[in-house]
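Atoms considered below: every heavy atom in the structure, side chains included; atoms not considered: hydrogens, waters and symmetry mates. Here the structure is a predicted model, which is why all the values come from computation and not from measurement. Chain letters run A, B, ... following the sequence lines, proteins first, then strands; residues in each count from 1.
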Protein chains: 2
Amino acid sequence: MATIRDVAEAASVSIATVSRVLNKKARVSEETARRVWTAAAELDYWPNEAARSLTTNQTHVIGVLLPDLHGEFFSEVIRGIDQAARESRYQILVSSSHADHDEVMTAAKSMQGRIDGLIFMASDNGLAESVDRIQGRMPLVLINPRRIVKGTASLRIGNFLGAREAVNHLLRLGHEDIAILKGPAGNIDAEERLRGYRHALAAADRDLGASREFQGDFLEPSGYRAAAEILGSRRRPTAVFACNDMMAIALISAFGGAGLKVPEDIAVVGFDDVAIARYIHPPLTTVRVEANQLGQRALRRLLAILSGGEAEGAVEEVLPATLVVRESCGASLAGYSTDYSRRKESPGSMPGGTARDSDPEARGD
Amino acid sequence: MATIRDVAEAASVSIATVSRVLNKKARVSEETARRVWTAAAELDYWPNEAARSLTTNQTHVIGVLLPDLHGEFFSEVIRGIDQAARESRYQILVSSSHADHDEVMTAAKSMQGRIDGLIFMASDNGLAESVDRIQGRMPLVLINPRRIVKGTASLRIGNFLGAREAVNHLLRLGHEDIAILKGPAGNIDAEERLRGYRHALAAADRDLGASREFQGDFLEPSGYRAAAEILGSRRRPTAVFACNDMMAIALISAFGGAGLKVPEDIAVVGFDDVAIARYIHPPLTTVRVEANQLGQRALRRLLAILSGGEAEGAVEEVLPATLVVRESCGASLAGYSTDYSRRKESPGSMPGGTARDSDPEARGD
DNA sequence: AAGTTCCTTGTAAACGGTTACATAATCTGG
DNA sequence: CCAGATTATGTAACCGTTTACAAGGAACTT
């Protein structure tokens with residue numbers, strides 16, 4: 001509770017001098033410096049950072065706006081952000097579970113003046129306007145935005161390519177009737193994965209139409225519901241591509257409960273490669289997303305902008321989503337060599353290297 | 001970038017008036033209010049919260065200091081905190097992965113002036129001093145502290161009782177040679193769980209000594225290492241109690257890889273009840289810890305203190321850790337009814353109700 | 001010894017808000 | 001119609017820092 005004035009008084013110097021020695025910003029005589037240090041220690045003085053940032057106009061804090069903290073994906077992203085922040089001695093101000101534009105705006109507003117920049121994950125519909133209103137007011141990095149915004153840095157996951165690859169893999173294994181368990185409507189990840197699924201099928205002349213598309217919402221219960229639907233359908237698909245791992249895991253559990261064997265009776269592949277994907281039975285074939293990397297890069301990107309390094313029309317960066325083949329797809333049954341799975345698990349590029357193949361990932365094609 | 005002065009000018013009123021209408025704190029004529037609102041909207045004025053909190057002396061931000069963000073436990077705690085914070089329109093300033101006293105202090109210092117209170121998880125050794133230095137400076141709630149601090153609110157998990165119950169369960173199933181896979185040294189959760197294990201064995205006159213205590217560190221790889229050690233030991237235990245689920249899962253995976261069947265050949269029980277515990281094969285018997293609840297309660301507790309509601313010598317609150325019986329312990333084999341597991345899964349008290357049974361949970365006995 | 005320069009320190013003006021107090025204008029009632 | 005109460009608004013101090021500028025003194029130059 002001691003202020004800089006108290007310290008100044010105790011050391012019998014002016015507050016300016018105290019500020020100078022504490023910040024080591026200007027030359028001060030050995031003697032006075034010592035006096036100030038001991039006075040500060042004596043009083044257990046901690047500078048008020050709010051006052052500080054008011055004058056310096058920088059906070060060493062980064063704001064993070066997330067739609068939800070639930071699930072491993074988000075917690076990994078935030079962990080990545082925090083890790084990278086720590087390295088640069090930044091802290092993060094978090095606000096999550098924002099469903100609509102108004103909520104996002106109030107959250108953003110209450111960050112005004114306390115952050116140096118913002119990482120905003122705007123994957124859901126209706127948040128485009130929020131981006132517009134925030135953009136220009138503070139340095140901004142978008143994660144998985146719905147559409148790219150001119151002059152705003154953004155990072156996203158290679159959802160389309162990842163999903164396409166997963167479905168192609170299923171096709172190569174001989175599956176002809178592949179269902180999809182979709183993610184929530186309006187979510188960009190879900191949409192992109194669906195697009196990848198459709199694209200793969202269309203390219204193989206195996207278009208199955210909407211009858212093979214089941215609705216889910218990324219949460220476990222929807223996986224169970226979908227399993228019931230799938231089992232109840234007239235012709236049971238031989239494989240299902242779930243748009244995330246939690247739903248895939250629920251599917252496997254539900255199928256098992258119904259007496260079906262995975263992958264013999266029905267193959268399942270997921271998306272995300274959550275930590276436990278390899279421990280369930282059978283180990284889950286899925287598409288790995290480097291959520292932690294995503295967070296780290298987002299923060300570094302923001303820091304680059306802050307230090308003036310990053311140019312204006314900052315391009316979009318896409319992190320590859322790579323297929324990791326385990327057993328739930330039946331690849332081992334089909335006699336695929338581990339070699340194949342290996343090739344997929346460690347791509348030639350650096351782990352976490354980015355793909356800028358804007359071509360195939362281009363949206364809305 | 002517009003300041004209150006710009007708005008005042010645009011509305012041709014004084015800054016005091018602007019402040020008044022924006023905060024609805026005093027009577028202002030309809031007419032001027034309107035002028036101010038439109039000027040503010042026109043200029044897209046966002047108040048600078050740092051300046052605000054400098055005068056009002058409150059921030060609507062809660063600091064959170066965690067040792068590490070890794071693992072489901074931590075992310076659940078933080079999610080709980082965030083959820084509860086949202087309800088009360090608070091935001092959280094997070095800083096994690098603090099190993100030692102100095103790091104904690106710098107983190108805490110850089111929060112000074114930007115938070116109304118602090119939630120501090122100081123489970124590791126060497127953080128006791130940090131608590132002392134922070135205590136008194138700002139409202140504080142401790143999560144899983146090493147020792148209770150006079151006049152400081154704290155919450156913790158019923159580690160001892162939970163562990164004892166788990167081991168007792170194994171004993172009741174007829175196991176006589178029960179090993180433990182310990183958590184990292186110096187971690188209070190790990191120590192308490194170990195204490196519960198020893199207590200249960202001692203009470204059953206089955207003290208096995210240190211030969212049955214294997215060292216782990218809560219991370220998967222240590223589970224694999226321990227599995228190798230256990231398999232290599234002269235007499236293989238018939239059951240092992242792992243101090244957390246990730247290690248338990250690794251154990252099961254490793255045992256499976258070595259051709260052992262769980263629970264027939266060796267039983268395993270974990271601690272935490274992470275989301276996937278029920279999806280692995282066999283489903284994991286474990287001790288449920290309501291990490292999310294822990295976070296929520298910590299925040300509510302802090303808010304209570306802030307609003308002056310909470311009395312001085314704030315007591316310690318302990319959240320029960322309850323055994324949930326699934327299959328990895330072999331209870332089903334042994335013919336235990338689901339009834340038994342049921343009884344354990346939903347205790348009589350409210351879900352998340354707290355136990356203040358200071359008696360058996362008392363430390364250092 | 002006087003004029004420069006350099007070093008150390010203090011004074012005071014910001015930063016962007018809130019709020020106690022003062023003041024001007026309007027209303028009330030006898 | 002005027003004293004007093006009430007209402008609306010402005011003035012200025014303050015929150016706790018940083019920092020441009022000024023100033024005093026010591027050291028150096030010639």
Side-chain angles (χ1 to χ4, degrees), chain A residues 1-40 43-61 108-116 137-138, chain B residues 1-40 43-61 108-116 137-138:
Chain A
M1 324 259 205
T3 76
I4 197 173
R5 261 166 261 272
D6 300 323
V7 178
E9 191 168 0
S12 29
V13 294
S14 74
I15 60 168
T17 301
V18 176
S19 175
R20 279 191 275 257
V21 356
L22 264 31
N23 297 305
K24 306 176 169 51
K25 273 286 187 69
R27 307 203 45 73
V28 175
S29 82
E30 278 274 310
E31 158 64 9
T32 18
R34 208 186 333 274
R35 283 221 311 282
V36 170
W37 281 118
T38 67
L43 296 169
D44 194 23
Y45 168 67
W46 294 14
N48 182 317
E49 296 293 334
R52 211 129 185 271
S53 50
L54 187 55
T55 42
T56 60
N57 209 24
Q58 66 144 333
T59 61
H60 257 73
V61 175
K109 280 187 181 168
S110 60
M111 287 183 171
Q112 172 80 9
R114 6 180 88 127
I115 61 178
D116 291 338
R137 185 176 275 284
M138 45 181 106
Chain B
M1 322 255 203
T3 77
I4 197 173
R5 263 162 258 273
D6 300 324
V7 178
E9 190 168 0
S12 28
V13 295
S14 73
I15 59 169
T17 301
V18 176
S19 175
R20 279 190 275 257
V21 357
L22 263 32
N23 297 307
K24 305 176 168 53
K25 273 283 186 72
R27 308 201 41 71
V28 175
S29 82
E30 278 272 312
E31 156 63 9
T32 20
R34 208 188 331 277
R35 282 219 313 281
V36 171
W37 281 117
T38 68
L43 296 169
D44 195 21
Y45 168 68
W46 294 13
N48 182 318
E49 296 295 334
R52 211 127 183 270
S53 50
L54 188 55
T55 40
T56 59
N57 210 23
Q58 67 145 331
T59 62
H60 257 72
V61 175
K109 280 186 183 169
S110 60
M111 287 182 171
Q112 173 80 8
R114 9 179 86 127
I115 61 178
D116 290 340
R137 185 175 275 284
M138 44 181 107

Return the value, rounded to whole Å, for the distance between atom [atom1] of [X] and atom [atom2] of [N].
| X | N | atom1 | atom2 | answer |
| --- | --- | --- | --- | --- |
| B/Arg35 | D/dT9 | CZ | C1' | 11 Å |
| B/Arg5 | C/dG17 | CZ | C1' | 8 Å |
| B/Ile4 | C/dT19 | CD1 | C1' | 11 Å |
| A/Leu43 | D/dG16 | CG | C1' | 15 Å |
| A/Glu31 | D/dG25 | CD | C1' | 17 Å |
| B/Glu49 | C/dG16 | CD | P | 14 Å |
| A/Asp6 | D/dG16 | CG | C1' | 11 Å |
| B/Asn48 | D/dT17 | CG | C1' | 14 Å |

From [X] atom [atom1] to [Y] atom [atom2], the distance as rounded to the nearest 0.5 Å:
| X | Y | atom1 | atom2 | result |
| --- | --- | --- | --- | --- |
| A/Arg5 | A/Ser14 | CZ | OG | 11.0 Å |
| B/Leu43 | B/Ile4 | CG | CD1 | 12.0 Å |
| B/Gln112 | A/Glu49 | CD | CD | 8.5 Å |
| B/Thr17 | B/Leu22 | OG1 | CG | 11.0 Å |
| B/Thr3 | B/Glu9 | OG1 | CD | 9.0 Å |

Just checking B/Thr32: base, sugar-phosphate only, or nothing, at a heavy-atom cut-off of under 4.0 Å? sugar-phosphate
Identify all pairs in which a protein N or O lies below 3.5 Å from an N or O of nucleotides 19-21 of chain D, and state each distance.
unit_1 : atom_1 : unit_2  : atom_2 : d
D/dT19 : OP2    : A/Lys25 : NZ     : 3.3

According to a strict under-4.0 Å criterion, is A/Arg27 in side-chain N/O contact with OP1 or OP2 of C/dC7? no
Please tell me if B/Arg52 has a side-chain N or O lying less than 4.0 Å from either OP1 or OP2 of C/dG16. no
Heavy atoms, side chains only, cut-off 4.5 Å: are B/Asp116 and B/Val61 in contact? no
Residue pair B/Ser19 / B/Asn23, side-chain donor-acceptor N/O under 3.5 Å: yes
